[in-house]
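This report refers to the structure that appears directly beneath it.
Bear in mind the structure is a predicted one, so any value in this text is a computation, not a measurement. Chain identifiers are assigned alphabetically (A, B, ...) following the order of the sequence lines, protein sequences preceding nucleic acid strands; residue numbering begins at 1 within each chain.
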Amino acid sequence: MHYDFKKIEEKWQKKWQKTRAFRAQADPKRKKYYLLEMFPYPSGKIHMGHVRNYTIGDVASRFKTLEGYNVMHPMGFDAFGQPAENAAIKNKTKPADWTRKCIKEMETELKKMGFSYDWEREVSTCSSDYYKWNQWIFLKMFQRGLAYRKASQVNWCPSCATTLANEEVIEGECWRCHAKVEQKELEQWYLKITEYKERLLEDLNQLKDWPGRVVAMQNNWIGKSSGVDIYFRLENSDKLISVFTTRVDTIFGATYIVLAPEHPLVLGLIKGKPQENEALGFIKKVASESKVVRAASDVKKEGVFTGSFAINPVNNEKVPVWIADYVLMEYGTGAIMAVPTHDQRDFLFAKEHSLPMRTVIRRTEDGGQKAEDLTGAYEGDGVQVNSGEFDGLSNQEAKTKIAQWMEDKGIGKIQTHFRLRDWLISRQRYWGTPIPMIYCPACGIVPVPDKDLPVELPPDAPFTGEGGSPLSKVKKFVEVNCPKCKVRARRETDTMATFFDSSWYFLRFCSPKFNAAPFDVHEAKYWMTVDQYIGGIEHAILHLLYSRFFTKFFQDLKMIDFSEPFAKLLTQGMVLKDGEVMSKSRGNIVDPDSMIKNYGADALRLFILFAAPPETELEWEERGLEGAYKFLNRVWRIQENLKDNADPQVLKALHKTIKKVGTDFSEFKFNTAIASLMELTNVIYQSGADKQVFSSLVIMLSPIVPHFAEELWGILGNKESIFKAAWPKYDLKLLVEENVELVIQINGKVRSKIEVPRGISEDKLKELVQKDEKLIPWLEGKTPKKFIIVPQKLVNIVI
RNA sequence: GCUGGAGUGGUGGAAUGGCAUACACGUCGGUCUCAAAAACCGAUGGGGGCAACUCCGUGAGGGUUCAACUCCCUCCUCCAGCACCA
């Protein structure tokens, strides 16, 4: 006999929808719980990754409901993006139609999994009700100088005739057509996330309930490093070259300096020098390589001499100025001092080009190795030598002292540099939020006035796949009158990167239909912050960083009074098949839909939670899914044979399980929670259960297998949904055993077990132990040195 | 290179100083059946022993402790992120 999962699941899904079972409403009298899973890109079909992500969230959400919280559990779609445009090119459909169809399909699939979403809060980022507020936010940022336009080097695919994000450049080639990516100077819109770098870094300390690795990755990405900017004066000139170093203790060993080829001073330095032609050739060659290629060719460091010299300000020594490809304009000051003896890259470069070197830090133990004899740079700590008045100091001490001394003398400045760059948000795409800006021949850049929002996407745009922004070809869209002077002007035709859309959707969910602002501050005050956020590790940096940035921006607008959006974060592991990520190209995809057909959504949910802890990788195993299904049938059969009274040991097992499952659920340890529920089921299977015991088991199962539990709950005679019930309470008295089993060890090895009354005295225990037959051979002729007694657990006898 | 994480039966995994391998999958044996499936019962880390039992065993080596998968040190392997970052 099998339970009829198909009928049951359909029945309850309909019922939940009809009764609006998961509708959330703010209620100041109740404690709220905002549970959020990262919303999906609507590709049409859900995959196992979605199933896992959303099942974890659903169990947490339903468990919190049973615990009495006012739970909000919303869902929506991150609906802008390139796949819709590609589909449009391929199938001659409109991106809007294609996306709408995919959303419909995806909703249906999510509903088949029985997830407890409040569908009345659904948002899609591609609807103008939503992206209107993207534009509003952008304009607010523009007003505050946080959105700006700047010309800079961007990745350019000559074959697609469009810019590429860094993520779209794979090993120097376009991810789509594999053409070699070039660098091109273009005017683009940027968001000044760097304005928030200190706060983004500082507030990481608040994120105690985030996985350590995510915090570490963000830390890494922001990349703060402290050191000194040192000013080298050019020989026969009063121009200064500023170099950044974190190792100011090695300044007396700087024997040359190196500039990035793009450095603004370079052209002046080489002008009229014998090296001019060679240097120009080198600069051109480096410029034609993308950053990715430049970083990838990590073997040989190339460079040329400029023909100019600079003066080391600490000892007035004349040092040559070089340019080299391993110095990057975007980091620090775009120039470095080179200390070959104490930096391995500088060492290799100096050897290659026969540049001078001098040791300034000596390892205490190695007497005095000459710089010429070195086989590599010494990058560790030691004692200063050849460093003027700082000789003899430890280099760590010298670091602070030299920095201060240089600041006092005005030849350096203690400085902090960051790796974090401003965020390029312009995309030459159609399917995104139009950037609400107008270019007027008379007034320049003019923002679209709030009252004219949204700037809507025209439904008809030509898709040729030939690149350039499709919007620029829509005359009705481009041509506009200047809001200021009414003269004929031109609209911005680029759209926003889709990460913009997802940087604040969690706020929109608080009041998804609000039409006076991105969100209703009162609703946000009640629901925010997100108590638990769940999603993939692939968003550890960008999405989470941008969301943190937007939250701080809203805080500055005084629309919210907190600085971090997500209190707790769980990053779920991937679903693997045969040890590999499931993907179309590998052909190892397991379709959730067919699993639902064969075993039911409940069994699928149960398996995916039981097979591994949420944050580790999960190996897909259809046999395991079968096992989950078998377990449910086992539970179903218990219901057919309920007794009038449960045995004491069954009650004991039940209360133990209630305690364990409650803590496990709170800590997202679903795999061990399920193991405990299986153990309880095994006990009941042997000894039988009454209605009371079985009801508790069903409630504990309900977050995991909601349809199954609802059905049994009804069979047990309940009229209301099981999610109106309360989480069972355990009775501490029942958990206390009268007799306890003690493990007896001799020298740490288990030799016997005895059962003794709880709270037995130590003397009595010793007496009992010495009478234990099993221990006689071990204790014979030996005197116990020591008795170690761990109450209610074990005795260890040392002989 | 830096940062973070992991390494336990045939497999997924449990145990955070106190009985290593819970719970499941698989395999083997049994009950029921004409038979099969389902269901149920039992066995299942390795070596030795007829057996009671015993020795070994959580990537490797060392240490702390009465007691270590768990804490400390050194190393190896794998995974992930960042990286000519000065």
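- Under the 6.0 Å cut-off for aromatic ring centres, Phe607(A) and Trp620(A) qualify, their centroids lying closer than that.
- rG57(B) makes up no base pair with any nucleotide shown, lacking Watson-Crick or G-U wobble contacts both under 3.5 Å.
- Side-chain proximity of Ala216(A) to the nucleotides rG26(B), rA14(B), rG4(B) is greatest for rG4(B).
- Base pairing of rU77(B): its partner is rA6(B), meeting the Watson-Crick or G-U wobble criterion (both donor-acceptor distances under 3.5 Å).
- Checking rC66(B), rA22(B), rC56(B) against every side-chain atom of Glu679(A), the shortest atom distance belongs to rA22(B).
- With C1' as the reference atom, rG10(B) and rG49(B) are 26 Å apart, rounded to whole Å.
- With a 6.0 Å cutoff to the six-membered ring centre and a 45° limit on the axis angle, Arg634(A) counts as a cation-pi contact of Tyr685(A).
- Among the atoms of the strands shown, only primed sugar atoms or phosphate atoms (P, OP1, OP2) are found under 4.0 Å from some heavy atom of Gln686(A).
- If you take atom P in rC76(B) and the same atom in rG26(B), they sit 40 Å apart, rounded to whole Å.
- Ionic pairing of Arg358(A) and Glu317(A) is present here: one or more N-O contacts between side-chain nitrogen and carboxylate oxygen are shorter than 4.0 angstrom.
- Regarding contacts with the backbone of rC40(B), a side-chain N or O of Tyr685(A) is found under 4.0 angstrom from either OP1 or OP2.
- Across rG18(B), rC19(B), rA80(B), the shortest atom-to-atom separation from the side chain of Glu741(A) is found for rC19(B).
- Note on Asp346(A): nothing from the nucleic acid sits closer than 4.0 angstrom, heavy atoms only.
- With P as the reference atom, rU27(B) and rC75(B) are 44 Å apart, rounded to whole Å.
- Among the nucleotides rC82(B), rC23(B), rA86(B), the one closest to any side-chain atom of Arg345(A) is rA86(B).
- Contact annotation: Arg419(A) reaches the phosphate of rA83(B) (side-chain N/O to OP1 or OP2, under 4.0 Å).
- Not less than 6.0 angstrom separates the ring centroid of Tyr629(A) from the ring centroid of Phe631(A).
- Using a 4.0 Å heavy-atom cutoff across all strands shown, Arg751(A) reaches sugar-phosphate atoms only and no base atom.
- Between Gln792(A) and rG18(B), a side-chain N or O to OP1/OP2 separation shorter than 4.0 Å is absent.
- Applying the 90° cutoff around 0 to the glycosidic angle, rG9(B) is assigned syn.
- In this structure, Pro613(A) reaches the sugar-phosphate backbone alone: every heavy-atom distance under 4.0 Å involves primed, P, OP1 or OP2 atoms, never a base.
- Distances shorter than 4.0 Å separate none of the side-chain N or O atoms of Asn633(A) from OP1 or OP2 on rA38(B).
- Between Asn671(A) and rA22(B) there is no side-chain polar atom (N or O) within less than 4.0 angstrom of OP1 or OP2.
- Contact annotation: side chain of Lys753(A) to base of rC19(B), donor-acceptor pair present below 3.5 Å.
- Heavy atoms of Val790(A) sit under 4.0 angstrom from at least one base atom.
- Side chain of Trp636(A) to main chain of Phe708(A): no donor-acceptor pair is present (N/O by atom type, distance under 3.5 Å, no hydrogens or angles).
- Counting distance only, with no hydrogens placed and no angle test, the side-chain atoms of Asn796(A) and the base atoms of rC66(B) include a donor-acceptor pair under 3.5 Å.
- Taking the C1' atom of each, rU8(B) and rG13(B) are spaced 9 Å apart, rounded to whole Å.
- At the heavy-atom level, Gln344(A) lies nowhere under 4.0 Å from the strands shown.
- Remark: the separation of the C1' atoms in rA15(B) and rA37(B) is 37 Å, to the nearest Å.
- Set against rG4(B), rC66(B), rC23(B), the side chain of Met678(A) has rC23(B) as its closest nucleotide.
- Nucleic acid contact for Arg623(A): sugar-phosphate only, since backbone atoms but no base atoms lie under 4.0 Å from a heavy atom of the residue.
- Set against rA24(B), rC25(B), rA14(B), the side chain of Lys630(A) has rC25(B) as its closest nucleotide.
- The partner of rA68(B), taking Watson-Crick or G-U wobble pairs whose two distances both stay under 3.5 Å, does not exist in any strand shown.
- Between Arg637(A) and rA38(B) there is no side-chain N or O to OP1 or OP2 distance below 4.0 Å.
- At a threshold of 4.0 angstrom between heavy atoms, the contacts of Val750(A) are confined to the sugar-phosphate backbone, with no base atom among them.
- Between Phe349(A) and His353(A), the two ring planes are tilted [angle within 30° to 60°].
- In this structure, Phe670(A) has its ring center at least 6.0 angstrom away from the ring center of Phe610(A).
- Rounded to the nearest Å, the gap between the P atom of rU16(B) and that of rC82(B) is 33 Å.
- Nearest nucleotide to the side chain of Lys793(A), out of rC23(B), rA86(B), rG18(B): rG18(B).
- As the counterpart of rG26(B), rU44(B) is assigned, both hydrogen-bonding distances of the Watson-Crick or G-U wobble pattern falling under 3.5 Å.
- The base-pairing partner of rU16(B), taking Watson-Crick or G-U wobble contacts with both distances under 3.5 Å, does not exist among the strands shown.
- Side-chain nitrogen and oxygen atoms of Lys786(A) include at least one within less than 4.0 Å of the OP1 or OP2 phosphate oxygen of rC66(B).
- Under 4.0 angstrom from either OP1 or OP2 of rA22(B) there lies no side-chain N or O belonging to Lys669(A).
- Residue Glu626(A) is classed as having no contact, given no heavy-atom separation below 4.0 Å to the nucleic acid.
- Taking atom P on both nucleotides, rA36(B) is separated from rA51(B) by 32 Å, rounded to a whole Å.
- If you check rG1(B) for Watson-Crick or wobble pairing at under 3.5 angstrom, you find it paired to rC82(B).
- Between rU70(B) and rU74(B), the two P atoms lie 16 Å apart (nearest whole Å).
- The backbone N or O of Ile361(A) lies less than 3.5 Å from a partner atom in the side chain of His342(A), making a donor-acceptor pair.
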